[in-house]
Protein chains: 2
Amino acid sequence: MNDAQPKPRSRIQQENRRRILDAALDMFSQHGYRGTTLDQIAEAAGLSKPNILYYFGGKEEIHVTLLNNLMRTWLAPLERLAPEGEPLEELLGYIRRKLQMSRDFPRESRLFANEILQGAPRMGPHLESGLRPLFDAKCRLIADWVAAGRIAPVDPGHLIVSIWATTQHYADFEAQLAVLMPERDALWRGAEAHLEAMFAKLLTP
Amino acid sequence: MNDAQPKPRSRIQQENRRRILDAALDMFSQHGYRGTTLDQIAEAAGLSKPNILYYFGGKEEIHVTLLNNLMRTWLAPLERLAPEGEPLEELLGYIRRKLQMSRDFPRESRLFANEILQGAPRMGPHLESGLRPLFDAKCRLIADWVAAGRIAPVDPGHLIVSIWATTQHYADFEAQLAVLMPERDALWRGAEAHLEAMFAKLLTP
DNA sequence: TCGTGAGTTTACCAAATGGTAAAAAAGCGG
DNA sequence: CCGCTTTTTTACCATTTGGTAAACTCACGA
């Protein structure tokens, strides 16, 4: 229904679009949508403002593009939660992947958090069409595991929400954690150990 | 060093300041600092913009006032975590109080989340001077409980962080949860049951 | 090497925004 | 009811911001 056009982008187009999106991700994730100006993005990208508007239709189009890109990488870890493996290992693996994403892609995590915090004004449909089916499917998978007695009884939905909450928190609230637990390396190691232990204990039948 | 002045505010001053702060809390928690305009606050408060600037020195002063007020109510639940009681009951009580705050004061939770997400530009000092000592003290308390074998071994810092993450998530990511778990009443009941069960299992020796 | 289209810059603009000055209106103690 | 203070409104302003028009430069294939 929309831009599934080919996209025969020249070398320079690709490079400049990438720079703009990278700069915009920096800004939007730190200052939110309205807190970010085109001039900031332009300066961070090393381009002039009109030049940026040559590559994107406007501020909102940049933001939406980022959100669309985000959705894919964001769903990936959950998609890999598969019925074939050992349930406990599958879930702990998911937790590990999710925590890794918080550490390696904190900007993406904050962009998402900002968008949701503000009521998901530009993402509502995506949640409904992209996230929800996946969430429901994985809830069913977990419910099956519970029914089969392969993991301890647990509300699948709230389990997934707990995993999101705990893992994303380390990216989204980094500014707070930097004050409370200043040793960065120890923080991530401690986080992984704690979350694995916590969810293992919760899920072991 | 600053406004610890008496504050002999007239009836009308108190009322109007309250209305402004309430309206500003609505706006700031939903749109962030830069995403909120004085005109929005004015309209929501039912006052004219210059009138608002009669009560507050400027936009930033309103925001800082809200943040200061927030700090007090925000620390209260953790302060009540006391060494006298049964450790497990104390911690579960804390979790219950924290979740209740997410349900009853989602605006405050989101205001806080917004501020931290953006790097705590107007709250950094408060975290250091207000939150950190409390956090450290409660970590020591929990460590003592662990050392005494009264709760299962757990990293106190990460335990507290997990409690924050899971409880606040229900307020901060409400827009997302509204899509995934539309039945509002069931959501809060399920959240309480799930979190109590999860942390009880984690902490029971 | 020259023409042409892709890419970039300069010079703007209208609207929005935080904030101010000063006059007007309300309150209110006497 | 008066006079003085508090509160509110009207009329502005300078800056910022998203965006545009059009001129200009550059790459590159014929």
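Protein chains get the first letters and strands the later ones, always in sequence-line order, with residue 1 at the start of each.
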- Query: Can you give the dot-bracket line for DNA chain C, using ( ) for pairs inside the strand, [ ] for pairs that cross earlier ones, | for pairs with another strand and . for unpaired bases, where Watson-Crick and G-U count if both distances are under 3.5 Å?
  - Reply: ||||||||||||||||||||||||||||||
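- When the salt bridge (charged side-chain N to carboxylate O under 4.0 Å, His left out) test is applied to B:E61, no partner is found at least two apart in sequence or on another chain.
- The CE-C1' distance, from B:M27 to C:dT17, rounds to 16 Å in whole Å.
- In this structure, A:E90 contributes its side chain and A:A82 its backbone to a donor-acceptor pair below 3.5 Å.
- Using a 4.0 Å cut-off between a side-chain N of Lys or Arg and a carboxylate O of Asp or Glu, A:R140 and A:D136 do not qualify as a salt bridge.
- Taking atom NZ of residue A:K59 and atom P of nucleotide D:dT16, one finds them 16 Å apart after rounding to whole Å.
- At whole-Å resolution of the value, CD1 in A:I20 and C1' in C:dT8 are 12 Å apart.
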Please write out each protein N/O paired with an N/O of nucleotides 6-11 of chain D under 3.5 Å, distance rounded to 0.1 Å.
unit_1: D:dT7; atom_1: OP1; unit_2: B:S10; atom_2: OG; d: 2.8
unit_1: D:dT7; atom_1: OP2; unit_2: B:Q13; atom_2: NE2; d: 2.8
unit_1: D:dT7; atom_1: OP2; unit_2: B:Y54; atom_2: OH; d: 2.9
unit_1: D:dT8; atom_1: OP1; unit_2: B:N16; atom_2: ND2; d: 3.3
unit_1: D:dT8; atom_1: OP2; unit_2: B:N16; atom_2: ND2; d: 3.1
unit_1: D:dT8; atom_1: OP2; unit_2: B:N51; atom_2: OD1; d: 3.2
unit_1: D:dT8; atom_1: OP2; unit_2: B:N51; atom_2: ND2; d: 3.3
unit_1: D:dT8; atom_1: OP2; unit_2: B:Y55; atom_2: OH; d: 2.5
unit_1: D:dT8; atom_1: O5'; unit_2: B:N51; atom_2: ND2; d: 3.2
unit_1: D:dT9; atom_1: OP2; unit_2: B:S48; atom_2: OG; d: 3.4

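- Listed by first then second residue, pairs satisfying side chain to side chain donor-acceptor pair (under 3.5 Å) with a partner in residues 151-168 of chain A read A:Y94-A:W164, A:H158-B:Y170, A:S162-B:H194, not counting sequence neighbours.
- No side-chain donor-acceptor contact under 3.5 Å links A:R110 to the backbone of A:S29.
- Atom CZ of A:R34 is separated from atom C1' of C:dG18 by 13 Å (rounded to the nearest Å).
- To the nearest angstrom, P of C:dG19 lies 10 Å from CD of B:E61.
- B:L53 comes within 4.0 angstrom of a base, heavy atoms only.
- Between the CG atom of B:D39 and the P atom of D:dC13 there is a distance of 18 Å, rounded to whole Å.
- Taking the ring centre of A:F28 as origin, the terminal cationic atom of A:K59 falls outside the region bounded by 6.0 Å and 45° from the ring axis.
- Listed by chain and residue number, A:R122 satisfy the salt bridge (charged side-chain N to carboxylate O under 4.0 Å, His left out) test with A:E60 (two or more places apart in sequence, or in another chain).
- Across the protein-nucleic acid pair, B:I41 atom CD1 and C:dA16 atom C1' stand 15 Å apart, rounded to whole Å.
- Side-chain contact, B:H31 with B:N114: no donor N or O sits under 3.5 Å from an acceptor N or O.
- Evaluation of the salt bridge (charged side-chain N to carboxylate O under 4.0 Å, His left out) rule for B:D39 yields B:K49 as partners, not counting sequence neighbours.
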